[in-house]
Undergrad: 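One structure follows; several queries about it will come next.
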Number of protein chains: 2
Amino acid sequence: MKNTISLASRSDSATSRLRADILGGALDPGALLAETAMAERFGVSRVPVREALFTLEREGLVEFGTTGRAFVKVLTPQDFQELHTLRLALEPMAARLAAPRLRKDSSALERNLAAMRRAKSVRQITRLDLDFHELIIAASANTRLLKLWGILRGELDLWLGRLHRRHQIQTEQTLDETLEAHASIIQTFQSQPPSACERVIHKHVQGWSEWLPTLEVQP
Amino acid sequence: MKNTISLASRSDSATSRLRADILGGALDPGALLAETAMAERFGVSRVPVREALFTLEREGLVEFGTTGRAFVKVLTPQDFQELHTLRLALEPMAARLAAPRLRKDSSALERNLAAMRRAKSVRQITRLDLDFHELIIAASANTRLLKLWGILRGELDLWLGRLHRRHQIQTEQTLDETLEAHASIIQTFQSQPPSACERVIHKHVQGWSEWLPTLEVQP
DNA sequence: GTTTTCCAAACAGTATACAGAATGAAAAAC
DNA sequence: GTTTTTCATTCTGTATACTGTTTGGAAAAC
């Protein structure tokens, strides 16, 4: 019997490495992602690199120019505004659908909250925050909703990563506020009807954008 | 100077042909889309076929199995339910955002309505119906909203195409109802505030699913 | 000094080739 | 007759090679 945990294909490997480079900030927004150079760097041929670029375009981390060249996506404040609008449309809906399931079992949310209390780095906190929201969306059991969220999440991750790298926001105070808000949301799911869950998420998502200053017109 | 209207690349060509085959019903749901066979049929190599498959997967017309093989997507009534839920989340939001623009200029919607009155085939009517909704979403000026809609639209197109090919629904009565509803929506955009536009679209999308019988568990 | 022209390098689009995995039917074992 | 094994076929994953286009800078023209 062979190792059932299939080793990642070269495409997957290239995708992971490129994603890490982009989200980790190793590549600047707008940087050219030339296939040949990346193929050499990753030690694979251009074919898997190509697939990685397509995959990451779908995740919102890469964009293609008119001549077919791939670049690290450049996000503007307006892009962020768009993302926020979509979150406001999708997340309350997800909360309402997820409410019955989360009422029965909110342990995943609680584990996330506990992990967030222990978290050290800003990056980790950001990830856990997005994970919290993703848990609710996943609990909606709407596969397409989760798929759409995946696209938004990639861009959110990109945006927040840059923001945190550049400015030292996410102070202890905002972290405490987030922890408190998440705890309150869990309570709502445990004891309130779906419509209340929908409202509390709407309010949370709306408020979440407020502690983000509207900044950096120019990277 | 060369022809500035760039001829479609082989990838685009393969994408269009395959999309037409799928939406036109030439390929049954679940049918294997083997790269070699398609490459031969389209007279290109496997590379452009591969890209076409990725593109159409993103559009929701193709799905990949666990072993990397591509199939024509199989849609279940539950899938349709998911799509409907997402429309309910996205379209009212789009309507609210689009309201100011459409109030100033609703000519595109009116042209669509006129075309729909003249339309003959069921397929054409379906397309124009989806186009009507797409016009509103485009008028929201939220590029990501339009992008997400693109994914949903592919699947809706797929579902409705099959439905109409199998059953002879979309009678004259439902057509008249649609025409009336769209006319009423245009009027709302022309004279009512964004919140009313949001509500009317919510109601329309909700009602739209009702004349669709919950049918065909098995293709 | 500024603009235009031209060219070499870089890049993406595509074809072809080969290796390895999945599949399904025939053959063997029970 | 049913199950298991085998194996040729089919399919995808990936590498490599070739072609045409884009790009950016050097050279020429003004």
Side-chain angles (χ1 to χ4, degrees), chain A residues 1-19 21-22 26-74, chain B residues 1-22 26-59 61-74:
Chain A
M1 181 172 59
K2 254 180 35 179
N3 190 352
T4 50
I5 300 163
S6 78
L7 287 90
S9 69
R10 293 177 214 275
S11 289
D12 294 339
S13 157
T15 304
S16 299
R17 292 182 65 177
L18 182 54
R19 179 168 36 220
D21 282 354
I22 293 174
L27 295 165
D28 286 331
L32 173 65
L33 299 171
E35 293 176 4
T36 314
M38 297 183 53
E40 196 172 343
R41 193 152 68 86
F42 293 158
V44 299
S45 79
R46 276 175 54 208
V47 181
V49 171
R50 220 143 206 285
E51 298 205 1
L53 290 172
F54 286 130
T55 301
L56 293 179
E57 189 213 8
R58 205 170 35 172
E59 287 182 21
L61 303 185
V62 165
E63 60 191 345
F64 283 89
T66 51
T67 59
R69 301 165 76 155
F71 302 88
V72 177
K73 185 175 278 189
V74 178
Chain B
M1 181 171 61
K2 256 180 35 178
N3 190 353
T4 49
I5 300 163
S6 78
L7 287 90
S9 68
R10 295 180 214 280
S11 288
D12 294 339
S13 158
T15 304
S16 299
R17 293 181 64 177
L18 182 53
R19 178 169 34 221
D21 282 353
I22 293 175
L27 294 165
D28 286 331
L32 173 65
L33 299 172
E35 293 176 5
T36 314
M38 297 183 52
E40 195 173 343
R41 194 152 68 85
F42 293 158
V44 299
S45 80
R46 276 175 55 208
V47 180
V49 170
R50 221 143 204 284
E51 299 205 2
L53 290 172
F54 286 130
T55 301
L56 294 179
E57 189 213 8
R58 208 171 32 172
E59 288 182 21
L61 304 185
V62 165
E63 60 191 345
F64 283 88
T66 51
T67 59
R69 300 166 78 156
F71 303 88
V72 178
K73 185 176 277 189
V74 179

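Residue numbering restarts at 1 for every chain, and letters A, B, ... go by the order of the sequence lines. As the structure is a prediction and not an experimental result, all values here were calculated from the model.
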Undergrad: Is the shortest heavy-atom distance from the side chain of B:P48 to the side chain of B:E51 under 4.5 Å?
TA: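 Sidechains of B:E51 and B:P48: no contact.
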
Undergrad: Tell me which nucleotide among D:dC11, D:dT14, C:dA15 gets nearest to the side chain of B:A34.
TA: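 The nucleotide sitting nearest to the side chain is D:dC11.
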
Undergrad: Can you sort out the partners of B:E35 under side chain to side chain donor-acceptor pair (under 3.5 Å), two or more places apart, ordered by chain and number?
TA: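 B:E35 satisfies side chain to side chain donor-acceptor pair (under 3.5 Å) with B:R46, B:R50 only.
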
Undergrad: To the nearest angstrom, how far is A:E51 atom CD from C:dT14 atom P?
TA: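 It is 15 Å, rounded to the nearest whole Å.
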
Undergrad: In whole angstrom, give the distance that lies between atom CZ of A:F54 and atom P of C:dA12.
TA: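 Rounded to whole Å, this separation is 11 Å.
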
Undergrad: C:dG13 base to A:R46 side chain: any donor-acceptor pair below 3.5 Å?
TA: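 Such a pair is found, so the answer is yes.
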
Undergrad: Would you indicate which nucleotide in C:dA15, C:dC11, D:dT12 comes nearest to any side-chain atom of A:R69?
TA: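 The nucleotide sitting nearest to the side chain is C:dC11.
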
Undergrad: Taking atom P of C:dT16 as reference, at what distance in whole Å does atom CZ of B:R50 sit?
TA: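 Taking atom P of C:dT16 as the reference, CZ of B:R50 is at 16 Å.
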
Undergrad: Counting side-chain heavy atoms from C-beta on, which of D:dT12, D:dT16, C:dA12 comes nearest to A:E35?
TA: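 The answer is C:dA12.
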
Undergrad: What integer distance in Å separates B:R41:CZ from D:dC11:P?
TA: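 After rounding, the gap between these two atoms is 13 Å.
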
Undergrad: Nearest whole Å is fine: how far is D:dA15 C1' from A:F42 CZ?
TA: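 Value for this atom pair: 17 Å.
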
Undergrad: Output the distance between atom CD (A:E63) and atom CG (A:L33), rounded to the nearest 0.5 Å.
TA: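 Rounded to the nearest 0.5 Å, the CD-CG separation comes to 10.0 Å.
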
Undergrad: Pick base, sugar-phosphate or nothing for A:L53, based on heavy-atom distances below 4.0 Å to the nucleic acid.
TA: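 The answer is nothing, as A:L53 stays clear of every strand by at least 4.0 Å.
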
Undergrad: Are OP1 or OP2 of C:dA21 and a side-chain N or O of B:T67 less than 4.0 angstrom apart?
TA: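 Looking at the OP1 and OP2 atoms of C:dA21, neither is under 4.0 Å from any side-chain N or O of B:T67.
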
Undergrad: So, is A:S11 close to the D:dT14 phosphate, meaning a side-chain N or O under 4.0 Å from OP1 or OP2?
TA: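 For D:dT14, OP1 or OP2 has a side-chain N or O of A:S11 closer than 4.0 Å.
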
Undergrad: Partners of B:F54 by ring pair (Phe, Tyr, Trp, His ring centres under 6.0 Å), sequence neighbours excluded?
TA: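 Applying ring pair (Phe, Tyr, Trp, His ring centres under 6.0 Å) to B:F54 gives B:F64.
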
Undergrad: Counting just side-chain N and O atoms, does B:S45 come under 4.0 Å of either OP1 or OP2 of C:dA15?
TA: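 The answer is yes; a side-chain N or O of B:S45 sits under 4.0 Å from OP1 or OP2.
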
Undergrad: Taking for each residue the nucleotide of DNA chain D bearing the nearest heavy atom, is the 5' side occupied by B:A70 or by B:V47?
TA: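 The answer here is B:A70.
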
